[in-house]
Protein chains: 2
Amino acid sequence: MTPNKEDFIKAIFELGGQTQVVTNKDLVRTLSISAASVTEMNTRLLKEGLITHLPYQGVILTEKGLTIANQLIRKHRIWEVFLAEKLGYDWNEVHSDADLLEHASSDLLIERLNIFLGEPTFDPHGGVIPNKDGSIPEIHSTPLIECTKGVQFKIKEVDDQEEFLEYLLYKKVHLGKEYTLVDIEPYDGPLTLKSTSGEETIIGHKAAFKILVELID
Amino acid sequence: MTPNKEDFIKAIFELGGQTQVVTNKDLVRTLSISAASVTEMNTRLLKEGLITHLPYQGVILTEKGLTIANQLIRKHRIWEVFLAEKLGYDWNEVHSDADLLEHASSDLLIERLNIFLGEPTFDPHGGVIPNKDGSIPEIHSTPLIECTKGVQFKIKEVDDQEEFLEYLLYKKVHLGKEYTLVDIEPYDGPLTLKSTSGEETIIGHKAAFKILVELID
DNA sequence: AACTTTTTTTAGGATAGACTAAAAATTAAT
DNA sequence: ATTAATTTTTAGTCTATCCTAAAAAAAGTT
Ligand SMILES: [Mn+2]
Ligand SMILES: [Mn+2]
Ligand SMILES: [Mn+2]
Ligand SMILES: [Mn+2]
């Protein structure tokens, strides 16, 4: 296993490759490599039994590939917790360093780091940290976009694109914060949130897809 | 710069390449690669102006190469401090993980980690941590082998080969510990040390080359 | 159904790194 | 001074990863 293969498998997973066929096009866009390189990498991973390949359609992860993806994500997210909690990174800064460190971490290192961090369950974006064996703890949260006017909720997880995190930082939206959804405009209009302390925040319709919340009874 | 090049330059430095010519043979032994691969890497580094090459003799680091070596050693040693102090590694365990992490560390990460660790001066083996700009703080210690019978000293630095560190762990020799050199046998014989608490430790002649001490007046 | 656009694959190359085997140069030993 | 042993270099391959350009297949449009 090499860093490139690991990142490739992780990309397939993040594009839904556990359940759906992921197209070469998507991987070209995500990894910023040529279409030819994607075809090549597919061939390699197929030979190693990490993916199933449907010619001219795309790829799906095998059980083996899925385990590798989740173990890499475990490393990535544990490093993110370290960077955020111990080194004072903001949540929009952690991604690129964790993306390198994840490939330079022995299993022993990760386990010791995990203990040092107090065996966290979530990364700084609310992403759940997979178990050592590659399995994933069950989580129970709803996309904000599916909420109806009037409900109360708590922020549980957000998309980890750097620009989106900067946007949330600007909007003062962070994990654990509680709001009431006071308004949601039709025709893909904006959402108005009101925090427990009374400030109102307006966020765009598309942002509401990238925020997962837990409803408060 | 790639991990391989970095490690190669570091190896040249550790073999004395700042001042002496380092032979291909030495690099073959240190890096466990073929002689042909050493010649090849020499050609590459020469082209980049990181080394001076004397055909059929060996290589010396240029200023540029030296800076890269010291900056890599800085990263390596800062990681070693982290592994030992925060994750509970013994001093014989830190090397291999630090050897990977050093290549996956942005400058920003290292500076933040350095601050988190309290800007340490030495690594767990007493090796001095180079400055950010690649310069090296002056240090003042003597090889134990050069000490004479009767002197008192404090352990300042030890060779960082894994087996040697295990040996020292077994002999209960650690950084900062103070001893009196009660006996040193002629004909490359053993040395007898007596700690302040009274225990006597006998160590081999060759081990005394790998231990640096500071004399206590 | 035929034409156009998009996507995937193939073909042909490039670079970094590492290997073995053979040739050339240097050093050591008669 | 030869010969022998060691070390370095060259030549020829290999794998992983990336690329561009062209061909083939699939999807979209009239
Ligand atoms: Mn990565
Ligand atoms: Mn994350
Ligand atoms: Mn290294
Ligand atoms: Mn060290």
Side-chain angles (χ1 to χ4, degrees), chain A residues 1-17 20-61 64-65 68-69 72 96 99-100 102-104, chain B residues 1-17 20-61 64-65 68-69 72 96 99-100 102-104:
Chain A
M1 195 49 49
T2 66
N4 279 319
K5 282 183 195 164
E6 287 182 334
D7 277 339
F8 198 93
I9 286 180
K10 191 173 66 162
I12 295 171
F13 177 80
E14 283 166 354
L15 291 167
Q20 314 153 35
V21 171
V22 173
T23 65
N24 287 17
K25 191 80 197 306
D26 283 341
L27 288 163
V28 163
R29 200 160 20 77
T30 304
L31 296 164
S32 303
I33 57 177
S34 72
S37 297
V38 170
T39 297
E40 254 180 335
M41 188 61 98
N42 283 345
T43 316
R44 261 179 247 130
L45 297 181
L46 181 65
K47 202 173 303 171
E48 294 176 49
L50 302 176
I51 58 171
T52 302
H53 184 220
L54 307 168
Y56 288 97
Q57 288 189 253
V59 295
I60 308 191
L61 292 175
K64 217 169 132 195
I68 288 173
L72 187 65
S96 63
D99 230 7
L100 286 181
E102 65 189 0
H103 308 289
Chain B
M1 192 51 47
T2 66
N4 279 320
K5 283 184 194 163
E6 288 183 334
D7 277 338
F8 198 94
I9 286 180
K10 191 173 66 162
I12 295 172
F13 177 80
E14 283 166 354
L15 290 166
Q20 313 152 36
V21 171
V22 173
T23 66
N24 288 18
K25 191 78 197 307
D26 283 341
L27 288 163
V28 164
R29 200 160 20 75
T30 304
L31 296 165
S32 304
I33 57 176
S34 71
S37 297
V38 170
T39 298
E40 253 179 336
M41 187 61 96
N42 282 345
T43 315
R44 260 178 245 132
L45 297 181
L46 181 66
K47 202 173 302 171
E48 293 176 48
L50 303 175
I51 58 172
T52 302
H53 184 221
L54 309 167
Y56 287 97
Q57 290 188 253
V59 295
I60 307 190
L61 292 175
K64 216 169 131 196
I68 288 172
L72 187 64
S96 62
D99 231 7
L100 286 181
E102 64 190 0
H103 309 290

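Side chains included, hydrogens not; waters and symmetry mates left out as well; all remaining heavy atoms used. A, B, ... follow the sequence lines: proteins, then strands. Residue 1 opens every chain.
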Rounded to the nearest 0.5 Å, what's the gap from [atom1] on [X] to [atom2] on [Y]? Could you check?
X	Y	atom1	atom2	result
A:L27	A:L31	CG	CG	5.5 Å
A:I9	A:E48	CD1	CD	7.5 Å
A:M41	A:I12	CE	CD1	9.0 Å
B:K5	B:I68	NZ	CD1	9.5 Å
B:I60	B:I51	CD1	CD1	10.0 Å
B:K25	B:T30	NZ	OG1	11.0 Å

OP1 or OP2 of [N] less than 4.0 angstrom from a side-chain nitrogen or oxygen of [X], does that happen here?
X	N	value
B:T2	C:dA16	no
B:S34	C:dT20	no
A:N4	D:dC18	yes
B:R44	C:dA16	no

To the nearest Å, how far apart are [X] [atom1] and [N] [atom2]?
X	N	atom1	atom2	value
A:D7	D:dA16	CG	P	17 Å
A:H103	D:dT17	NE2	P	12 Å
A:I9	D:dA16	CD1	P	14 Å
B:M1	C:dA16	CE	P	12 Å
B:E6	C:dA16	CD	P	15 Å
B:L31	C:dA16	CG	P	18 Å
A:K25	C:dT6	NZ	C1'	8 Å
A:K47	D:dA16	NZ	C1'	12 Å

| salt bridge (charged side-chain N to carboxylate O under 4.0 Å, His left out) between B:E102 and B:K10, intermediate numbers included | CA-CA 11 Å; B:E102 64 190 0; B:K10 191 173 66 162; 3.1 Å; yes
| Just by protein heavy atoms under 4.0 Å, how would nucleotides 9-14 of chain C read 5' to 3' in B, S and -? | BB----
